[in-house]
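Notes follow once the structure below has been shown.
Naming convention: chains lettered A, B, ... in sequence-line order (proteins, then strands); numbering from 1 in each chain. Side chains included, hydrogens not; waters and symmetry mates left out as well; all remaining heavy atoms used.
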Amino acid sequence: GENVEQHPSTLSVQEGDSAVIKCTYSDSASNYFPWYKQELGKGPQLIIDIRSNVGEKKDQRIAVTLNKTAKHFSLHITETQPEDSAVYFCAAQGGGGSNYKLTFGKGTLLTVNP
Amino acid sequence: GAGVSQSPSNKVTEKGKDVELRCDPISGHTALYWYRQSLGQGLEFLIYFQGNSAPDKSGLPSDRFSAERTGGSVSTLTIQRTQQEDSAVYLCASSRLRATDTQYFGPGTRLTVL
């Protein structure tokens, strides 16, 4: 089955700096890669996603890049703000008969220091 | 509109007791998922319902776990004879139509087994 590795597990940045979180996946048939933000006591919320037919997608301060050859994708947050502090999860959704299953990384705790 | 709701938000039970966790998906969403999130871990897929099709139960960790979805809407996850290792946050998600549509998560139920 699919395996998703996420790094780093914790990340601390100063307000205004950029933050980058990286994920690798194992199943070359995976074709959908969402990123979720989870604040304390809440469920994960989708912040951006990318499908395998594009290499990069941007939404304001957030961008995701995908390298299908290397089987890795990354989340980039620019001009970080204290409210960006949360746990971020990457996920991969497979192709074939299990294309509804999301396999998640173990999360990155991002702390933005004012 | 209303998002995915789950109840109760917190549940404390004694080892050996049965518990029922409820999920109300977004109205009109045909796909429903249950995940388990253990402390410091990513989300672990448990079960998937799609319309009237037979559910994919491949992620259920033991036969003490079961789930049903009545009328294609509300779902209940039941854990029988709870064990301490069942302590986790149980998250429900729904998606609109296709398996590859975005999954929207509820706030979760935090289960503590004493």
Side-chain angles (χ1 to χ4, degrees), chain A residues 1-10 21 23-27 29-54 57 59 64 75 86-109, chain B residues 2-10 21 23-26 29-51 53-60 88-112:
Chain A
E2 175 69 279
N3 182 50
V4 176
E5 300 281 342
Q6 182 172 347
H7 299 280
S9 55
T10 61
I21 302 170
C23 289
T24 61
Y25 61 99
S26 61
D27 186 354
S30 290
N31 54 20
Y32 174 61
F33 307 92
W35 286 88
Y36 286 86
K37 175 184 181 182
Q38 187 174 28
E39 297 175 333
L40 197 62
K42 297 184 179 180
Q45 285 196 312
L46 179 76
I47 55 171
I48 196 167
D49 56 12
I50 192 167
R51 297 191 183 270
S52 61
N53 58 340
V54 286
K57 184 176 177 181
D59 182 4
V64 57
L75 177 71
V87 178
Y88 291 80
F89 291 97
C90 64
Q93 190 167 39
S98 298
N99 63 348
Y100 47 83
K101 285 188 182 178
L102 281 175
T103 301
F104 286 83
K106 292 193 174 179
T108 296
L109 174 61
Chain B
V4 177
S5 60
Q6 293 186 245
S7 60
S9 55
N10 281 284
L21 313 178
C23 170
D24 283 86
I26 293 172
H29 280 197
T30 62
L32 187 146
Y33 315 75
W34 284 97
Y35 293 86
R36 179 169 70 175
Q37 184 175 28
S38 301
L39 189 63
Q41 300 295 310
L43 283 73
E44 173 191 10
F45 168 82
L46 297 178
I47 189 168
Y48 164 70
F49 295 91
Q50 173 60 282
S53 302
D56 177 353
K57 305 179 181 180
S58 62
L60 295 179
V89 176
Y90 290 83
L91 290 158
C92 174
S94 69
S95 64
R96 192 166 55 92
L97 183 64
R98 295 184 305 272
T100 51
D101 284 337
T102 299
Q103 295 184 28
Y104 296 91
F105 284 82
T109 294
R110 180 175 297 279
L111 174 66
T112 303

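Here the closest non-hydrogen pair linking B/Phe45 and A/Lys101 is CE2-CE, 3.5 Å.
In this structure, chain B has no heavy atom under 4.5 Å from any part of A/Gln45. Neither the backbone nor the side chain of A/Pro34 comes within contact range of chain B; no heavy atom of the residue lies under 4.5 Å from a heavy atom of that chain. If you measure heavy-atom distances from B/Leu43 to chain A, the contacts under 4.5 Å come from both the backbone and the side chain. The contact between B/Ser58 and chain A is made entirely by side chain atoms (from C-beta outward), counting heavy-atom distances below 4.5 Å. Heavy atoms of B/Gln6 lying under 4.5 Å from chain A are absent altogether.
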Do A/Leu102 and B/Tyr48 pass the side chain to side chain contact (heavy atoms under 4.5 Å, CB included) test, and can you show the C-alpha distance, the side-chain angles, and the key distance before you say yes or no? CA-CA 11 Å; A/Leu102 281 175; B/Tyr48 164 70; over 6 Å; no
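Of the inter-residue distances, the one linking B/Phe105 atom CZ with A/Tyr36 atom OH reads 5.0 Å to the nearest 0.5 angstrom. Atom CD in A/Gln38 sits 4.0 Å away from atom CD in B/Gln37 (nearest 0.5 Å).
The shortest distance between side-chain heavy atoms of A/Tyr32 and B/Thr102 falls below 4.5 Å.
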